[in-house]
Amino acid sequence: MNKYPEYNPKTIEKKWQDHWDATGCLNALASHDMPKFYNLIEFPYPSGAGLHVGHPRSNTAMDIIARKRRMEGYNVLFPMGYDAFGLPTENFAIKNNVHPAIVTKKNIDHFRTQLKRLGFSFDYSREIDTTDPKYYKWTQWIFLKLFEHGMVFRDKTLVNYCPSCKVVLSNEDSQGGKCDICHGDVVQLPKDVWYLRITKYADKLLEGLETVDYPENIKQQQVNWIGKSTGAFVKFALNGIDESIEIYTTRPDTLFGVTFMVMAPEHPLIDKYADKISNMDQILAYREECAKKTEFERTQLVKDKTGLKIEGLSTVNPLTGKIVPIFISDYVMMGYGTGAIMAVPAHDQRDWEFAKKFGIEIIEVIKGGDIEKEAYTGDGEMVNSDFLNGYTNKKDSIARVLEEIEKKGFGKPGVQYKMKDWAFNRQRYWGEPIPLIHCEKCGTVAVPYEELPLELPEVEDFRPGTDGKSPLAHIESFVNCTCPKCGAPAQRETDTMPQWAGSSWYFLRYCDPHNDNCFASPEELNYWMPVDWYNGGMEHVTRHLLYSRFWHRFLYDIGVVNTPEPYLKRTAQGMILGTDGEKMSKSRGNVINPDDVVDELGADAFRLYEMFMGAFDQAIPWQTDGARGCRRFLDRVWKLMEIMTTDEGISKDMAFDVHTCIKKVSEDYERMKFNTAIAQMMTLVNQMYSKGHVTRGEVKTLIQLLNPVAPHITEEMCELCSFGQELVRMPWPKVDEKALIKDEIEIAVQVNGKVRGRIMVPSTLTRENANEYFMANEEALRMIGTNAPKKLVYVPGRLLNAVV
RNA sequence: GCUGAAGUGGUGGAAUGGCAGACACCGGGGACUUAAAAUCCCCUGCCCUCAAAAGCGUGCGGGUUCGAGUCCCGCCUUCAGCACCA
């Protein structure tokens, strides 16, 4: 006789999802009385393909934390939204001749449906969409604040331009000379670009890292990205001309070892003194050669230095007065430091290779290596260096030489960053319009705050012009306006913001998403911020994390947010690979569709498998059979109701196992060790079955622990068993420490580290009284053997090791 | 090249310096069934065995320790990020 129905995920999952929707019981509470917990996952880009199996990994993990926190008595903010501006949507719109806004809405609706099918406890009432004018009004507002505070500037420089996408890319978006969007080759074009002065915040972004809880590797990546180095700027006078070349070096103490100088091929001083240079034609030819090289070729030939000497120009070493020849080479970049270096071949491998190739003198100034074989970059005693001779410590010798340099006035200490200012405009339609106006008389003028949002105009053609201008540039009614300052006719900026803009502050909007007077009220910000726990992908730990920390820090500095750092804790999930162990991709045909898995096994089994498959932060291949195993486990959990007694408590002989499980699961969820937490629950269920029956109290505890991972089946069981209230509202189970203490425990008996057997010993046995106990224990002595042990090592509760 | 992470059964993976392989998948055997599926029970690192015992086992070579997958030194391999950054 079976008094409970069959486990049918389809019906019960729908039932509970509808229930959560209707009651809003998982939404954040308006009241500020309870302690808060702000739990954030990166909001997705709503692509036409819908959810892939990677989204639920991050979502389920944080859903587990959110659900657990609610049971622990927190007011939880666990929001969801869409980062919907961007090229794929725009390209789809162009190809199919529909408005990007329509595509976006359709995609978002599809995403939401899929997310709801998986039972995530998002607060959908706070949903945001970066393409909604009510949202991007505030993106533009923040931009204007940046403009107002001098954080926006325009500069004509070489930009990374993708001829295929017809768009200017940031350095970040064109890594390795390839376009981040279409992976085609990027070319260098001169262009007017709006920059955000992120470099001004480099030090603050570095310092902030010390106050937050990020994994070491993520911090390291941010540090590397910022790439701060300390050194000195030194001026070398041009021989015979009233002009000097400034170089940047981290080792000013090697100045006596300088035997040549290298300039980037594009260095402007070359053009300025072209009339003095006798081999200008060769130089121009070399420049052209360099411009043709792709980034890939440049890096492949790291060892093979090219370049040539500038005939007719030379400089003077400011410390020794010696004449120093100048070379050009593409291993020196215009974009870092000053575009010129002092070369010390004895102590820099690149300079060494260049010197060897061009037969330039190599002067040792630090003892310790063999400079005939390679450059020596280690520490050592200074030689051939006049007043620096005898110094053995890098720090001291640098301090000494800086003192000399500053006294004589040809240089100063300085700092350099690898990070560049953030190129902030794109020639695209589907982005936030940049709210600036060009007036002939007043220059660049901000759109008045009260005119925000500056909405995207309707256009007939979303395609960027072949002139490299944004589609907005062709709409006269948008472009032509009057200057807010002087009232004269003026033109609007027609470029739009990059996709990173909307995601740089979205976590603030979630705090107060429907506010029309400000991006979020101070009361809501003070209550909810900072984000307590932010999870996302490794691919976003440099750019997105840095950009959003930068904006947030700026907003803190102008007094509109209450914390310097937006995220207290950051974690990152690993990727889910195809069954073949390769990255999932349409072209490989190894893509797993979450809908199919939910159809076959149910959302709970799907969630359970994604958490059980392996360590959360590592890349793991998908195994469909593994997912089926998780469904089997849920079937077994369901059928526990068939062997359930009427006892409300936890039976004596199960107390240890149940409380071990509570402890393990509680701790492992917090450490994101979801796989071992689930394994522990599987163990508990196996024990319940081998015992043959289970109490109501035991089932209740189990489903409380399992609820964050598999919310539907557990709520349904809770209702069928009439445990009173919904699990959502039940407090998280507490560990009874007394139940974890056993009278006797099994330990291993080892001889010289090899296991010989197992015995039961009292749990109260300590290291101190172990010797006496074991020398009188026949069982133990038999395992140890006839030889009298030299020494007994007892590890309480674990093992006894006899050294013979 | 630099930085970071990782190498454990047929597979995914467990293991505060303390019984390696938890938990699961696959595979094998059995029960139930007219039969199959599902379900339930048992076995399942390698080697030698009827079996047990012994032996061997965490990428490779050393070391520290009563005891090393874990710590130290030197390599190899894989993945990720950065890459001539002066």
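Convention: sequence-line order gives letters A, B, ...; per-chain numbering from 1.
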Nearest-angstrom distance, [atom1] atom, [N] to [M]:
| N | M | atom1 | value |
| --- | --- | --- | --- |
| B/rG10 | B/rA80 | P | 26 Å |
| B/rC73 | B/rU49 | C1' | 42 Å |
| B/rU64 | B/rC72 | C1' | 7 Å |
| B/rC56 | B/rU33 | P | 49 Å |
| B/rA54 | B/rA5 | C1' | 40 Å |
| B/rG28 | B/rG81 | P | 40 Å |
| B/rG12 | B/rU3 | C1' | 29 Å |

Proximal nucleotide (of [options]) relative to the [X] side chain:
| X | options | value |
| --- | --- | --- |
| A/Leu799 | B/rC85, B/rC19, B/rA14 | B/rC19 |
| A/Thr676 | B/rG18, B/rA22, B/rC66 | B/rA22 |
| A/Ile620 | B/rG12, B/rA86, B/rC66 | B/rG12 |
| A/Gln750 | B/rG18, B/rC23, B/rG12 | B/rG18 |
| A/Asn675 | B/rC19, B/rA86, B/rG13 | B/rG13 |
| A/Lys754 | B/rC84, B/rU39, B/rC56 | B/rC56 |
| A/Asn801 | B/rA24, B/rU11, B/rG67 | B/rG67 |
| A/Tyr248 | B/rC66, B/rG55, B/rA86 | B/rA86 |
| A/Arg636 | B/rC66, B/rC23, B/rC40 | B/rC40 |
| A/Arg798 | B/rC85, B/rA54, B/rU16 | B/rU16 |

Rounded interatomic separation in angstrom, taking [atom1] from [X] and [atom2] from [N]:
| X | N | atom1 | atom2 | value |
| --- | --- | --- | --- | --- |
| A/Asn217 | B/rG4 | CG | P | 10 Å |
| A/Lys219 | B/rC82 | NZ | P | 21 Å |
| A/Gln623 | B/rG12 | CD | P | 7 Å |
| A/Gln349 | B/rC84 | CD | C1' | 11 Å |
| A/Gln618 | B/rA14 | CD | P | 7 Å |
| A/Met682 | B/rC25 | CE | P | 7 Å |
| A/Leu634 | B/rA24 | CG | C1' | 13 Å |
| A/Glu539 | B/rC82 | CD | P | 12 Å |

Within the structure shown, what part of the strands sits under 4.0 Å from [X] by heavy-atom distance: base, sugar-phosphate, or nothing?
| X | value |
| --- | --- |
| A/Gln680 | nothing |
| A/Asp635 | nothing |
| A/Tyr689 | nothing |
| A/Val755 | sugar-phosphate |
| A/Ala340 | nothing |
| A/Gly227 | nothing |

Write down the partner of [N] under the Watson-Crick or G-U wobble criteria, each distance required to be under 3.5 Å.
| N | value |
| --- | --- |
| B/rA68 | none |
| B/rU77 | B/rA6 |
| B/rG45 | B/rC56 |
| B/rC50 | none |
| B/rC40 | B/rG30 |

Original post:
Does the B/rC25 base have a donor-acceptor partner in the side chain of A/Asp625 within less than 3.5 Å?
Top reply: no

**OP:** Please confirm whether any donor atom in the side chain of A/Lys790 sits under 3.5 Å from an acceptor in the base of B/rC66, or the reverse.
**Re:** no

Original post:
Between A/Phe260 and A/Phe354, does a ring-ring contact (aromatic ring centres under 6.0 Å, His included) hold up when you go through it step by step?
Top reply: CA-CA 10 Å; A/Phe260 59 105; A/Phe354 194 85; 5.5 Å; yes

Original post:
On RNA chain B, nearest-nucleotide positions of A/Lys673 versus A/Arg767: which is more 5'?
Top reply: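 Nearest nucleotide further toward 5': that of A/Lys673.
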
Subject >> Given RNA chain B, 5'-ward residue of the pair A/Gly337 and A/Tyr609, judged by closest heavy atom >> reply: A/Tyr609

Original post:
Using a distance-only test with no angle check, is there a side-chain donor-acceptor pair under 3.5 angstrom linking A/Asn769 and A/Thr766?
Top reply: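 Yes, A/Thr766 and A/Asn769 have a side-chain donor paired with an acceptor closer than 3.5 Å.
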
Original post:
Between A/Val53 and A/Ile576, which heavy-atom pair has the shortest distance, and what is it?
Top reply: O-CD1, 3.4 Å

Salt-bridge contact [X]-[Y] (side-chain N to carboxylate O under 4.0 Å):
| X | Y | value |
| --- | --- | --- |
| A/Glu42 | A/Arg570 | yes |
| A/Arg631 | A/Asp635 | yes |
| A/Lys357 | A/Glu353 | no |
| A/Glu667 | A/Lys673 | no |
| A/Lys228 | A/Asp203 | yes |

Original post:
Can you say whether the rings of A/Trp622 and A/Tyr609 are parallel (under 30°), tilted (30 to 60°) or perpendicular (over 60°)?
Top reply: perpendicular

Original post:
Would you say B/rC25 has OP1 or OP2 under 4.0 Å from some side-chain N or O of A/Arg632?
Top reply: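 Answer is yes, contact under 4.0 Å.
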
Original post:
When syn is taken as a glycosidic angle within 90 degrees of 0, is B/rG9 syn or anti?
Top reply: syn

